[in-house]
Structure formats: structure tokens, C-alpha cells
2 protein chains.
Amino acid sequence: MKRPTIYDVAQRAGVSKSLVSLVLRGSPRVSEEKREAVLAAVAELDYTPSRLAAGLAGTRTRSIGVVVDDFANLWFAPALEGLRAAVAAGGYSLSVADTALNAHLSQDPIAVFRSLRVDGVVLAGEISAEAARQLAVPAVVLGTRAIEAARVPVIASDETAGGRLATAHLAELGHRRIACISGPGPSASAREAGYLAELAARGLGASLVRAEQTTEAAGAAAADAMLAELASAPGAEAPTAVFAVNDPLAVGAIGALRGQGFEVPRDVSVVGYDDSPIASYRLVSLTSVSGDVRELGEAAGADLVAMLEGEGEFPPSRRLAPRLVVRRSTAAPRAHRRSPGAGPV
Amino acid sequence: MKRPTIYDVAQRAGVSKSLVSLVLRGSPRVSEEKREAVLAAVAELDYTPSRLAAGLAGTRTRSIGVVVDDFANLWFAPALEGLRAAVAAGGYSLSVADTALNAHLSQDPIAVFRSLRVDGVVLAGEISAEAARQLAVPAVVLGTRAIEAARVPVIASDETAGGRLATAHLAELGHRRIACISGPGPSASAREAGYLAELAARGLGASLVRAEQTTEAAGAAAADAMLAELASAPGAEAPTAVFAVNDPLAVGAIGALRGQGFEVPRDVSVVGYDDSPIASYRLVSLTSVSGDVRELGEAAGADLVAMLEGEGEFPPSRRLAPRLVVRRSTAAPRAHRRSPGAGPV
DNA sequence: TTGTAAGCGTTATCAC
DNA sequence: GTGATAACGCTTACAA
């Protein structure tokens, strides 16, 4: 008992296979009569066209591949939803792969997509510049500024602006000693650059620690290290605010600070980045920078579809402005509250 | 400038296309000489075989589809990794889709996989029973017991056992009034059933609240509701321990309890479920039941490959035993610590 | 409007 | 070992 083919449908409906193909692809030049006959046959036979054959025969597969850097980065979930919404308009379907997913067996996701003949790909997350080159199909990069140079539009959140936003918020509250817990990777660098720029613009001094990874544990370790260094320095003063370049780092820092007797935000204010689910948890209530990831996904999807449908030129890179979600992890510094003009003790 | 085909490779290597196909599929009956010639031509031409054509012509596509209920469920990341490892052994590659991803436009992921002619599918998460039926290809269900009846093996964590484990842990610590915050869905039900079974086995009374969703906010609301109800009841006593059927619910409950002046674990112990990343955060340090999801994924992948390669019979359903990860959210009850035999005040 | 026929790039079945 | 030559199920001119 084999699967029904377009041929079976044609026979049952009493038409030719071409007609079936036309009906299925919604051609307007078919009689209502035949259309119904075809649709009926399709339903009766439970026919599902083979995308393999369609892709082989046609000029496109109407599928687009999405490469996600890591499925554990919850970041991409809303991005994917925005993408889907955007490409669905063009009749495309998404195929998702994660970089780590096939890394071991040299099962490079890009290679898989190539052999699948996807019409285009979306590089989501911190993709290596190398991956983007030698990419025979139209592509857009979503959410990082790593590969500015390649011939692909980059749809990213302006992470440097986000870093400035977070830092400015703390400065506006009255903080003068604002530390930063950064980490590895281009996103972290961009956010960190924003922190430095904003401090410079305000004439404040910087205090930077780089965590080994961008995890909660690394954030805790970085905060501990920062505190330890302060303790051993002669006249050093502890920061009254910390900007962590992502939420896990921030949560780790809060845990470490609390472990050392500092209450948040009473003694130290903390700002995170990404506005991940944990940030809104009551237990945490973390002020965080939000990249509006879903919209980023939508924009990327729309741009890719435009490249696929349109002739020639490709859309310009875009850098969307992030916004700050203020919660209960930030407040004015104590000294500031007691007597606005007073210097630190 | 078109893509190179197997024909181009054959011509360049001075052999027939059949030979090229044999070499690429690792046939042992080809001379070393020709093999090298073919491989060289492949490299020079940067040839990538078309999976579309291969799937069309061959008897299988060597691809398997994974349907995830929701990408935002961090749960599936390790499961996917286990899956990948297991199916890679058989030379299969994974294609992932999320139920919500295409739900809107009747872009049912199962339909997409059908048209892609995947060799098999993995249903991960809480899949509807309906989805599993009418599934023309071999399938396994990963991580839920929802569709016991269908003709697919179910590889799941024994969630009822997990519920018992959590409850037993609290009882062993000396707790007598153990409440449960449950939620919607089959997983929650199974965990809840374990809670009830363990209490019954120990002759303890149950106190159950069902949250509207399985989110942190819902958990907080449920805990608040529970406390409010207790306050209005005449001689009711507050529970000294709470088992929440997943981690977000548990974190929400902790937040709510703290808001009402209860410290965890001093006044109330809390156990969660899933051992998600947040559970290990210092700020939370939540005792939680772990399903060893990666291993679950491996088992499911191995079973599916066995079904695909093997002839006939399919592997039995399996229910893997979960384990408890004890952290700092659980401790002996206060009264118990002061005087072991004393009743509650 | 509908039918005919020629591919699309592989695998599979034979011969050689 | 190696090479022809049919499928595979569809799209797409081109005819009718």
C-alpha cells in the first residue's frame, strides 16, 4: 500500500496531473468544476504532495533554514515566532537546526541546509563570520553584529545602545560607582562598549570584570572576584550599582552580593540584559534591557522574503533600538537618598 | 552558474555517475584509485549532493522529524542533544519543528514532515493523542504518557514516581502538612498522582491547589490563594512544606511565601520539578526532581533507529526513574527540629 | 482552460 | 568493479 501520488489524484479526479498541480498551487485559471473534483480526490486519497519531488522539479523549495546558535538560549524562541509569522506570508516554511546539534559529527547545519536546497537561511545568534561566507543562498543575520562585512543584511538589536541605556538608568538614579560584569562573545562586547561610552559621556570612571562564561555561576564568581579585589585594595570603594551584560550573569551577581551581605537594591542596584523570563520572577524582579526579539525576528523574516521574491538589491542592515524594563532590582543609592550632595563614606 | 551535479563530478573524475554514488555512500566494492579520483572531483567542485533527489530516488530520506510542543520549554534542549547523539549513529539527521510554530496557518508540523518524507518522527513533550494517530511513519513519543494507547513506544520519565520521590523527601525530613501546587496538563497530573499516592501510603492528609498555568506568576497566585484560604479557615494550620509540579511554579510559590513573611526553608520547604537551570541558581537553590532528559532523548533516538533499521517488532515503552536533586530549599520543619515529638503549635 | 512531454538529480537494477 | 538505464513524483514550458 503505497502513498498516493499526483498521478493517482489526477486519475481519480479525471484530469491530468498538470491540472492537479495547478489547483494545488492555487492557479486562478482553472474551472470551478475541475477544482472541486481535484480537491475532492485529494481529500479522499489523503494526498500529501512530496516536497522532495516539488523541490527537484521546481525552481525553489519554499523552505528556509534557521541556524540557531544554541537551543538552550531561550532568546531565540520569540525570534522564531516572529520569523515564522513573517515568512508564512510568503508561503515559506521553516527548518530549524542548532549549531551544537550536529557539531560533533561534522554535520554542519549549513551543509545540511545546502543539501536540502533551502531557498534562504537565517543565521540567528552569535554566528561565526566564517559560517556566513561561502553561503551560496540568500541569508540574513539575526541578532548579532558579528559579521558586518559579509554580503548579508544584519537585523540586530543595537546592543551598544542597550548598554548605554542600562548605564544611563543607573547614573540617573544617582549612582556614581557603576561596575560592569561582562563576558565573552560579540554581544557582550557591544553591550560593554555601551557601558563604557555612557560612563565616558558622563565623566564617570569604569570598573569592569569579565566572567569566563555568560552563566549564572560565572556571574556569581565574577561578583565574588570583584568584591575580593576591593577588599584587598587600600582605599577602594565598593560600587553601588552593577550592570551585567545578560540576565544569568546578573542573577549570579545578585546571589553573590547577597551572600556577602549586600542587599539588592538597598546596597547595590543591578541591571541585566535580555529581559528573559527569570527577570520577571518575583524572587528576582530584575531591571533588564529588552531587545524586542520577536520584532527582530519579524523584520529578519520580512527582509529575507523580500530578497527571495524581489529582484536584485537587498535590504539594508537594521539596528533596532532596545528599551529598558525597570523592575525592583534598581533604586537610588543609599547615600544619595540620605543627602543628595554627600560623597561616599 | 549552476550547482554541480553528480554528473559533473562523474565527468571530472572520469567515471560514471553510479560510481560516484557508490563512493559517496561508502560502498566497499570500489577501487581505491577511483575512490580518490571521485573524492578529489567532489572537493574541487564543492559538490553537495541533493537530498531532494536522493530522497526521491531512494527508499528513505535518512531524516527524522522532531515535533516539540514549545521552544520556550527549555526542557527539550538536552533531550534534543540526546536524540541527536543517538540517531547520528544511524546516519540520520534531525529536523525540528515546534507545534506553536505553525499552528496559526494550519501549517501543522506533522503535515510538513509528511511532505518532507521523513523516515520517522519524534513527538517530544505533551503531544495531543490526536496528533499521534494517522501518523503514517514510525514514531516514538518522548517525555509524556499522554497517548499510551497509540501504536508508538513511549519513552518517558516516570513522573508519578517523581512525585512520590519529592513527597517522600519532605516526609522523611519530618514534614506532616505537605501541600501541592499542581497545574494543567498530563505531566502535572502524573506528578500530582505521585504526591497523593505517597501521602496515602504514609497516612498523611493532602492539600492540593491547581494553578491556572504552569508559570511562575501562576505559582505565586496559587500560593497566595492557598495562604488566603488558610487565613479565613478557623483552625487551619499552614503547611510546612510545598511540592510544586514544576520549577517555575515552585519559584513563584517561594516568592509569594516570602512576600507573606515565610522564609524558605526556615518556615516552609519547597520542592520543584524538572531541575531546570534556575533551580541551581544561588538565589533560588531549589530542591528539584530531575528527569535526566538527555538520557531520555538518547533512549528515544535509539528506539526509533531500531524501528527504522530493524524488521518488524517495535521496542516496548519505557519509563525511566527520575532522581531528586537536593538543594537548599528543603530542611526539617522548625517544630520538628526543636522537639521531634512535639505537635504543631 | 486543459493535456502532453521533457526534465530535475539522485538511487537502484541490471548487465558487462 | 563499473557503467547504462529505468524509475522516483513533481513543475513547467509548450501544445491543443
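A note on names: the letters A, B, ... follow the listed sequences, proteins ahead of strands, and every chain is numbered from 1. Just so it is clear, the structure is predicted and the values come from calculations on it, not from any experiment. These numbers come from the heavy atoms of this one structure, side chains and all, not from hydrogens, waters or symmetry mates.
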### Message
Heavy atoms within less than 4.0 Å of DNA chain C: which residues of residues 35-43 of chain A have one? Give them sorted by number.
### Response
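Output list: empty, so none.
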
### Query
Can you tell if the side chain of Leu320(A) reaches within under 4.5 Å of the side chain of Asp158(A), non-hydrogen atoms only?
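Answer no - side chains too far apart.
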
### Beyond-backbone contact of Ile64(A) with Leu308(A), side-chain heavy atoms, under 4.5 angstrom
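They are in side-chain contact.
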
#### Entry: Start and end of the DNA chain C segment that chain A contacts, any atom under 4.0 Å from a heavy atom
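Taking any atom under 4.0 Å from a heavy atom of chain A, the span is dT1(C) to dG9(C).
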
Residues in side chain to side chain contact (heavy atoms under 4.5 Å, CB included) with [X], at least two apart?
X	answer
Ser21(B)	Ile6(B), Arg25(B)
Ala54(A)	none
Thr61(B)	Leu52(A), Ser63(B), Arg117(B), Asp119(B)
Ser115(B)	Thr48(A), Arg51(A)

Under 3.5 Å, sequence neighbours excluded: what are the donor-acceptor pairs made by side chains of residues 292-305 of chain A?
residue   : atom : partner   : partner atom : Å
Asp292(A) : OD1  : Arg323(A) : NE           : 3.1
Asp292(A) : OD1  : Arg323(A) : NH2          : 3.0
Asp292(A) : OD2  : Arg323(A) : NE           : 3.2
Arg294(A) : NH1  : Glu298(A) : OE2          : 2.3
Asp303(A) : OD1  : Arg318(A) : NH2          : 2.7
Asp303(A) : OD2  : Arg318(A) : NH2          : 3.3

### Query
Partners of Phe113(B) by ring-ring contact (aromatic ring centres under 6.0 Å, His included), sequence neighbours excluded?
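With neighbours one apart ignored, the set is empty.
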
### Message
Based on the rotation axes of five pairs at each end, what angle does the helix from dT1(C)-dA16(D) to dC16(C)-dG1(D) bend through, to 10°?
### Response
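Result, rounded to 10 degrees: 30°.
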
### Query
If the sugar-phosphate is the primed atoms plus P, OP1 and OP2 and the base is the rest, what is the B/S/- string for nucleotides 7-16 of chain D, using protein heavy atoms under 4.0 Å?
-BBBSB----

### Task
Hey, could you give me each pair passing side-chain hydrogen bond (donor to acceptor under 3.5 Å, both in side chains) that has a residue in residues 26-44 of chain B? Not counting sequence neighbours.
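Qualifying pairs, neighbours excluded: Arg12(B)-Glu44(B).
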
### Query
Which residues pass the side-chain hydrogen bond (donor to acceptor under 3.5 Å, both in side chains) test with Ser276(B), sequence neighbours left out?
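Partners of Ser276(B) under the side-chain hydrogen bond (donor to acceptor under 3.5 Å, both in side chains) test: Asp247(B).
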
### Task
Verify, without hydrogens or angle tests, whether Thr5(A) (side chain) and Tyr7(A) (backbone) share a donor-acceptor contact under 3.5 angstrom.
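Looks like yes, one N/O pair under 3.5 Å.
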
#### Entry: Carboxylate-amine/guanidinium contact Asp46(A) Arg3(A), below 4.0 Å
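Between Arg3(A) and Asp46(A) there is no salt bridge, as every charged N stays at least 4.0 Å from the carboxylate O atoms.
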
